[in-house]
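Below you'll find the structure, written out as structure tokens, and then a few comments.
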2 protein chains.
Amino acid sequence: MSVQERKERERADRERLIVATARELAEQQGWDAVTTRRLAERIEYSQPVLYSHFRGKREIIGAVALEGAAELAASLRAATGAERDPRGRVTALARAYLVFAARNPAVYDAIFQLDGGLAFARKDTPEPLQDAFAALLESLGEVSGDGVHPALFTEVFWASLHGLATLARSGRLPPGDAEARTELLVDRLAVL
Amino acid sequence: MSVQERKERERADRERLIVATARELAEQQGWDAVTTRRLAERIEYSQPVLYSHFRGKREIIGAVALEGAAELAASLRAATGAERDPRGRVTALARAYLVFAARNPAVYDAIFQLDGGLAFARKDTPEPLQDAFAALLESLGEVSGDGVHPALFTEVFWASLHGLATLARSGRLPPGDAEARTELLVDRLAVL
DNA sequence: CTCCGAACCCTAGCACCGCTAGACAAGCGA
DNA sequence: TCGCTTGTCTAGCGGTGCTAGGGTTCGGAG
């Protein structure tokens, strides 16, 4: 049995290597540069090996997305955990979200822009994605205001952050006023 | 001179045909299906003809984006023009924006998601893009609230709409509550 | 220790992509 | 009518995601 266990371990290691390499390559040179050939070369295996772990490029993007979603959730909780009042938590949450998007553009795209073959907003949604939404809900639910469903409020707040993040990064919003936009969004949306 | 004029007219006609065909194909089967080969086949010319009109695929996307931006601006103005009070105008604007995004997903992507080689938020931004932002500003500026710069408020409101539009269309937001989300956004962001 | 069989990986290739060089034909002006 | 410019097409480059099929390696039985 020991042999089989070793092989399974090696397989799992290699799978992690693929995902980490894809992520690294995507952050360095963009997702367009993540081709199966380049990826295979970087992990020092041939292309078909990738297909013994994933159905295709889409699934690799999905794997990066799940890893990234877990990190995003952790990052949001770390940022809000240090804050005492609801307002501080919401502001910290918004900033942390936008910082994550700006610092990990490729991962952010994998989660929220590209097609990684993942199900969203459903029962069979992968746990890391549900947990990332839960992390948002934890801080936003307390400022959703009377008569407004916390989940609905979280969706709207999240969508607004997503819009700011994506439009800013593609150069469609002027670069200077990012902080002012965040403040305005928090002031208007959150009921304190 | 008449001959040259005729040739120029035919060239312009063909260029319009390329843009219209690219748009049509993108709306029918998505931008991934808009390849230079397919596009050339549909306009009944060979591939190199495309490159005598546009530098490459990116510029074709840009051309569709400019055409779409003009339509979006017109659509927004048509929707707000019939409303008497500021609140009605803002609500109508938000609905019209989201309807445009939902009905013309490929064109919306060309404008706001894909790289069409266009400059945004700058002095040399193409006129249709500036005008689309102006159309937003016209209705949103009057509800930005005291002490808040209308352009900044417009950016935030627009980003929120963009987030709702893109997340909803990619299935990342539950499909049912679209109207409730729009109402919540307008209620909270606009100062009436 | 030998040898068989299975698991694994690689080479080679498919159809497609964006883009372009160079041959060729059509149609203008002289 | 003829030469030349203008315009278009054929063919091909290097790249893409993905896969069929052959070969090598290696574990385990005798």
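Order of the sequence lines sets the chain letters (A, B, ...), proteins ahead of strands, with each chain counted from 1. Everything numeric here is computed off the predicted structure, so don't read it as measured data.
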Scan nucleotides 5-10 of chain C nucleotide by nucleotide, 5' to 3', and note B when protein non-hydrogen atoms come under 4.0 Å of the base, S if they reach only the sugar-phosphate, - if neither. ----SB

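Whole-Å rounding puts the A/F54 CZ to D/dC18 P distance at 13 Å. In this structure, B/D115 places its CG atom 15 Å from P of C/dG18, rounding to the nearest Å. Rounded to whole angstrom, the span from the NZ atom of A/K57 across to the P atom of D/dG15 amounts to 16 Å. A/L50 places its CG atom 14 Å from the P atom of C/dT11, with the value rounded to the nearest Å. When the P atom of D/dG15 is taken as reference, atom CD of A/E41 falls 12 Å away, rounded to whole Å. Remark: C1' of D/dC13 and OH of B/Y51 are 13 Å apart, rounded to the nearest angstrom. For the pair B/Q29 CD and C/dC16 P, the interatomic distance rounds to 14 Å; values are reported in whole Å. Going from atom CD1 of A/I60 over to atom P of D/dT16 covers 14 Å, rounded to whole Å.
The phosphate of C/dC19 has neither OP1 nor OP2 within less than 4.0 Å of any side-chain N or O from B/T36.
Ranked by how close their nearest DNA chain D nucleotide is to the 5' end, A/D32 and A/R55 are led by A/D32.
A side-chain donor from one of A/S170 and A/R172 sits under 3.5 Å from a side-chain acceptor of the other. B/T125 and B/Q130 form no side-chain donor-acceptor contact under 3.5 Å, judged by distance and modelled atom types alone.
No hydrogens or angles were tested; on distance alone, a donor-acceptor pair under 3.5 Å links the side chain of B/R37 to the base of C/dG18.
The one candidate from B/L93, B/L161, B/T91 that meets the side chain to side chain contact (heavy atoms under 4.5 Å, CB included) condition with B/V186 is B/T91.
Closest of all the heavy-atom pairs between B/G116 and B/I61 is CA-CG2, 4.1 Å.
Using a 4.0 Å cut-off between charged nitrogen and carboxylate oxygen, A/R23 and A/E71 count as a salt-bridge pair. Between B/D187 and A/R188 no salt bridge is recorded (no basic side-chain N to carboxylate O distance below 4.0 Å).
Within the nucleic acid shown, A/R38 comes within 4.0 Å of sugar-phosphate atoms alone, with no base atom in reach, counting heavy atoms only.
Below 30°, between 30° and 60°, or above 60°: for B/F112 and B/H162 the angle between ring planes is above 60°, a perpendicular geometry.
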